[in-house]
Amino acid sequence: MNLLTRNRGRLHGRSLRTRLLLFISATLVVVCAAMSLTTVLAQRAYLLDNLDDRVGNAAERSLGGAELQPALDDYLGFLLENGHAVGTLGARFDDKGTIIAAAVVRQDAPPRNLTAAQRAALTGITADSAMHTRTVPGLGTYRLTALDSKGVRVLTGLPMDDVQDMISGLVAVEAAVALAGLTVAGCLCAVVIRRQLRPLGRVAATAVEVSRSPLGHGEVTALTRVPERDTDPGSEAGQVGAALNLMIDHVESSLAERRRGEEQMRRSEERMRRFLADASHELRTPLASIAGYAELMNRGTDRIEPGLAWRRVTAESARMTGLVEDLLLLARLDEGRPLASAEVDLAALLAEAVWDARAAGTGHEWQLHLSLDAPALVVGDEARLHQVLANLLANARTHTPAGTTVTAGVEATAARTVVIRVRDDGPGIPPALLPTVFERFTRADASRARAGGKEGGSGLGLAIATAIIGAHGGRIDVTSVPGRTEFTIELPAATTELPPAEPALRARTASV
């Protein structure tokens, strides 16, 4: 059992090419051995049948000759008759099976009597017409049969040397042919197996090359693939190659997803650090102002007028309160907290926002454009949507010079969306700032003039607008070139079917 286990272990430890070659060679050896053995046995049976026929004929002739002298029990004169081949053995025996006389036919000489030892090899054969094989000392192997007719018993045999020589020659020829055939077949099998297993070798080489790639760290470039010729699904090697390519694709997609996740996490951490730094800076400025005015008040009223100090403290407190409220709103939106949900008429909401902006920015020209074939109704938080519109209009007022025309419009589209556009003809947003204009604490102070020298905001207005619109399932975009900056808001329309808008609201542009 241990030897068998050890042999199996040795076999499994070899390469597939070696195991296939050994298995095929062993199979060929077994097949050749079976064919050779079958051929030899069939030929031997044929030769023995032929020899048995000749032995039977010789025995009948001998019996016919012996019947001519029935009174002479030791008469072997029938061996002198023509037709007996050289080496024919003839004998007479009594009813007890004892050999009385025995001789063998010689070439050009009288038959030679057998010795006692040779006669002893013939004992025990009965006259039953059956064939027997005996080895006679000094004469070789014989095929013998005994016949009995009216008390005349004759034993006749022919030598088997010719049959044995032919069988031996056949075995030698079969062995030579089988050895040559096995050698040629083994060489061909080795070549064929090597050729057929080359695709597996290339697949294995690809797998080794992929395994050496730094998948756990570093920048992973495109991994090596199995060549297309080795991915044919019609072959086992092609199936392995195709499966390996599929696995490599999965590994690459997983690595790409991991890199994207890591990059997003890194960017998120950077945004968070920048956000905290900017928030700290924004909060520190009003706090420093409040602390400064409080210090001046503590030193006495001769340093600063109390009313002015309290007005500045109140203004900075309001500024800090607004900043904190904006940060809290962004935090709630980031957490995905639900907003109020009600039906909101964006046309009326935009009109109110434009009126409020006109009151705050009298130096600008304000226009309201309504293009409505259906009510501009959405489902959402009216206060937050008003805050978005107010932020966009405030941006247009703050970052454009006096005399700028600001146009705000709303329309209901056939795709069941409501679109709001806020456009101005101011100097525009710098191209370098445009990709990050919706990020938090982004300011355009250096490129867009502030009206009246007023202080700019905290840079959270557009970020808040983006978060609110996203929470309503919409989107906000901006396009800007010098002389034209346009913010576009798209929100899904309310699903409730309402009657068409009044004709007066379908298309109207007004200066307010």
Side-chain angles (χ1 to χ4, degrees), residues 34-70 72-115 118-175 177:
M35 292 178 61
S36 300
L37 181 62
T38 302
T39 302
V40 169
L41 292 177
Q43 186 67 22
R44 182 177 182 276
Y46 172 76
L47 293 176
L48 284 179
D49 288 342
N50 188 23
L51 179 61
D52 289 345
D53 291 340
R54 291 192 291 126
V55 170
N57 292 334
E60 289 178 356
R61 264 196 316 273
S62 298
L63 180 62
E67 287 179 342
L68 297 177
Q69 300 291 336
L72 300 177
D73 293 339
D74 57 352
Y75 175 71
L76 297 176
F78 54 82
L79 293 177
L80 298 175
E81 297 177 0
N82 293 330
H84 288 293
V86 177
T88 302
L89 186 147
R92 300 287 299 274
F93 58 96
D94 57 17
D95 56 354
K96 296 181 180 180
T98 302
I99 300 298
I100 301 174
V104 61
V105 178
R106 295 186 296 175
Q107 181 71 31
D108 299 329
R112 179 173 60 83
N113 293 328
L114 300 185
T115 63
Q118 293 173 337
R119 290 182 182 183
L122 303 177
T123 58
I125 298 177
T126 59
D128 54 4
S129 301
M131 295 294 172
H132 302 271
T133 301
R134 295 289 176 89
T135 299
V136 180
L139 297 179
T141 304
Y142 271 76
R143 192 72 169 168
L144 304 167
T145 186
L147 300 179
D148 183 0
S149 177
K150 300 177 183 180
V152 177
R153 289 173 288 276
V154 176
L155 176 66
T156 306
L158 292 176
M160 295 181 64
D161 294 341
D162 294 342
V163 173
Q164 290 179 338
D165 291 341
M166 291 186 65
I167 294 299
S168 300
L170 181 61
V171 170
V173 171
E174 290 281 353
V177 172

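We number each residue from 1, following the sequence as shown. Quick note: numbers below take in every heavy atom, side chains included, and nothing from hydrogens, waters or symmetry partners.
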Nearest non-hydrogen partners of Pro111 and Leu79, listed with the distance: CG-CB, 4.0 Å

With Val173 via side-chain contact (heavy atoms from CB on, under 4.5 Å) - residues at least two apart: Val177

Under the salt bridge (Lys or Arg N to Asp or Glu O under 4.0 Å) test, residues paired with Asp52 that sit two or more places apart: Arg143

CA sep, side-chain torsions, deciding dist, call: Thr141, Arg134, side chain to side chain contact (heavy atoms under 4.5 Å, CB included): CA-CA 6 Å; Thr141 304; Arg134 295 289 176 89; over 6 Å; no

Any side-chain heavy-atom pair of Leu89 and Leu114 under 4.5 Å: yes

Beyond-backbone contact of Thr133 with Leu144, side-chain heavy atoms, under 4.5 angstrom: no

Interatomic spacing from CG in Asp165 to CG in Leu170 - rounded to 0.5 Å: 12.5 Å

Distance-only donor-acceptor hits, side chain of residues 54-66, under 3.5 Å, sequence neighbours excluded:
residue : atom : partner : partner atom : Å
Asn57   : ND2  : Asp53   : O            : 3.2
Arg61   : NH2  : Gly83   : O            : 3.0
Ser62   : OG   : Ala58   : O            : 3.0

Can you give the donor-acceptor pairs under 3.5 Å from side chains of residues 119-132 to other protein atoms, not counting sequence neighbours?
residue : atom : partner : partner atom : Å
Thr123  : OG1  : Ala120  : O            : 2.8
Thr126  : OG1  : Asp128  : OD2          : 3.3
Asp128  : OD1  : Ala130  : N            : 3.2

Residues Val104, Thr88; criterion side chain to side chain contact (heavy atoms under 4.5 Å, CB included); working and verdict: CA-CA 6 Å; Val104 61; Thr88 302; over 6 Å; no

Which atom of Thr38 lies closest to which atom of Ala34, heavy atoms considered: OG1-O, 2.7 Å

Nearest heavy atoms of Asn113 and Ala103, plus distance in Å: OD1-CB, 3.7 Å

Pairs under 3.5 angstrom only: tabulate donor-acceptor contacts from the side chains of residues 151-161 to other protein residues two or more places apart or in another chain.
residue : atom : partner : partner atom : Å
Arg153  : NE   : Phe93   : O            : 3.3
Arg153  : NE   : Asp94   : O            : 3.3

Step-by-step side chain to side chain contact (heavy atoms under 4.5 Å, CB included) determination, Gln164 to Arg44: CA-CA 8 Å; Gln164 290 179 338; Arg44 182 177 182 276; over 6 Å; no

Distance (rounded to the nearest 0.5 Å) between Tyr142 OH and Leu51 CG: 11.0 Å

Set of side chain to side chain donor-acceptor pair (under 3.5 Å) partners for Ser36, sequence neighbours left out: Glu174

